[in-house]
Structures are given as structure tokens and as C-alpha cells.
Amino acid sequence: REEGAAGLYKGVGPTVQRASLVAGAELATYDIFKQWVINSGVAGDTLFGHFLASLCAGFVSTVVSSPADVVKSRVMSQPTDARGRGLHYRGAVDCLQQTVRQEGAASLWKGFWPNFMRLGPNVVVLFVVYEQLRAAFVAAGWL
């Protein structure tokens with residue numbers, strides 16, 4: 001009611017940026033970690049191997065996306081004026097610059113472990129289910 005229809009889209013830019021970073025990091029690193037796990041002998045092309053590779057991919061994804069998470073949270077939670085413009089930041093880039101200038105680069109990873117505790121299991125389920133379904137489809141002759 002207070003922000004109007006525009007309030008529904010508050011922070012959409014940083015949210016899309018974060019989602020792109022997460023998906024890109026997950027997809028780019030899962031196969032790399034899977035091959036490493038298999039080739040190094042840590043685990044085979046097994047459920048455990050898929051678990052390890054996806055957990056590593058989730059970790060990298062969290063490292064990559066944490067700065068976008070911090071920026072997204074700050075942009076979306078800032079107070080706005082009567083026109084719906086943020087009072088603290090002009091946008092994501094301004095928020096990023098101010099955060100680094102005032103708190104240092106390490107502040108971009110605030111909340112890293114809670115983010116990993118949320119994202120890690122999600123990535124594990126995603127890729128383990130994918131690998132199990134792929135194996136079942138191959139066995140059935142569908143792929």
C-alpha cells in the first residue's frame with residue numbers, strides 16, 4: 001500500500017543479477033568438480049561422488065553470489081522517498097561502491113555461512129537428482 005505497484009519490483013535488478021551468478025557458477029563448476037572427484041580417485045561416478053561435486057559447486061556458487069546477496073538485501077531494505085526512490089543508494093552499483101568504501105571488501109561476504117547453509121543443500125539436491133534421473137533415462141534407453 002505504501003509503495004504502490006512499483007514496490008513489487010523493488011530490487012528486481014539485483015535479484016536477477018544474483019540468480020544469474022548462482023546459476024552460472026553452479027553450472028560452470030559442477031562438471032569440473034565431478035571430473036576432479038572421479039579422476040583423482042576421491043570417489044567414482046557414484047551418488048557420493050555426485051554429492052561431493054555438487055557440494056563444492058554450491059560452495060563456489062555461494063562465494064560468487066554473496067556480494068550480490070549483500071547488495072540485493074541492502075537495496076531492497078532501504079527506505080524510500082515519496083516517489084519510491086531509495087534514500088541510501090541510487091542503485092546496485094552505488095550500493096556496492098558505498099559498501100566497499102565504508103566497510104571494506106570483506107563486508108560483501110557478510111552472511112556467507114548462512115547463505116551456504118541454504119544454497120549448498122539446494123545445489124546438492126539439484127545435481128544428485130539430475131544425475132540419478134539421467135542414469136535412469138539412459139538405462140531405460142530414453143537418452
Novice: With rounding to the nearest 0.5 angstrom, report the CZ to CG distance, Arg101 to Leu96.
Specialist: 10.0 Å
Novice: Show which side-chain atoms of residues 82-89 pair as donor or acceptor with protein atoms under 3.5 Å away, not counting sequence neighbours.
Specialist:
residue	atom	partner	partner atom	Å
Arg85	NE	Asp81	OD2	3.3
Arg85	NH2	Asp81	OD2	3.4

Novice: Measuring from Gln35:CD to Asp45:CG, what's the distance to the nearest 0.5 Å?
Specialist: 8.0 Å
Novice: Would a distance-only check, ignoring hydrogens and angles, find a side-chain to backbone donor-acceptor pair under 3.5 Å from Ser61 to Ala57?
Specialist: no
Novice: Taking atom CE of Met76 and atom SG of Cys95, what is their separation to the nearest 0.5 Å?
Specialist: 12.0 Å
Novice: Can you tell if the side chain of Phe112 reaches within under 4.5 Å of the side chain of Val70, non-hydrogen atoms only?
Specialist: no
Novice: Drop me the distance from Leu21's CG to Thr62's OG1, to the nearest 0.5 angstrom.
Specialist: 12.0 Å
Novice: Looking only at heavy atoms, which two atoms of Ala53 and Val37 are closest? And how far apart?
Specialist: N-CG2, 4.3 Å
Novice: Between Leu126 and Ser54, is any pair of side-chain heavy atoms under 4.5 Å apart?
Specialist: no
Novice: Classify the ring geometry between Phe137 and Trp142 as parallel (under 30°), tilted (30 to 60°) or perpendicular (over 60°).
Specialist: tilted
Novice: Would you mind listing every ring-ring contact (aromatic ring centres under 6.0 Å, His included) that reaches into residues 28-49, with sequence neighbours excluded?
Specialist: Tyr30-Phe127
Novice: Could you see if Val129 belongs to whatever hydrophobic cluster contains Phe51? Use Ile, Leu, Val, Met, Phe, Trp, Tyr and a side-chain cutoff under 4.5 Å.
Specialist: no
Novice: Contact between Gln98 and Arg74 at the side-chain level, heavy atoms closer than 4.5 Å - yes or no?
Specialist: no
Novice: Hey, are the side chains of Leu108 and Thr99 touching, using non-hydrogen atoms and a 4.5 Å cut-off?
Specialist: yes
Novice: Which atom names give the shortest non-hydrogen contact between Leu119 and Gly58, and what distance separates them?
Specialist: CD2-O, 4.2 Å
Novice: Any chain of hydrophobic side-chain contacts (each under 4.5 Å) joining Leu133 to Val125?
Specialist: yes
Novice: For the residue pair Val63 and Trp109, establish whether any side-chain heavy-atom pair is separated by less than 4.5 Å.
Specialist: yes
Novice: I need the Leu47 CG to Glu131 CD distance, nearest 0.5 Å.
Specialist: 10.0 Å
Novice: Would you say the side chain of Asp94 lies within less than 4.5 Å of the side chain of Val75, judging by non-hydrogen atoms?
Specialist: no
Novice: Within a reach of under 6.0 Å around CZ of Arg118, are more than 12 heavy atoms found that belong to other residues, nucleotides or ligands?
Specialist: yes
Novice: To the nearest 0.5 Å, how far apart are NZ in Lys72 and CZ in Arg18?
Specialist: 6.0 Å
Novice: For Ser66, which residues count as a side-chain hydrogen bond (donor to acceptor under 3.5 Å, both in side chains) partner, sequence neighbours excluded?
Specialist: none
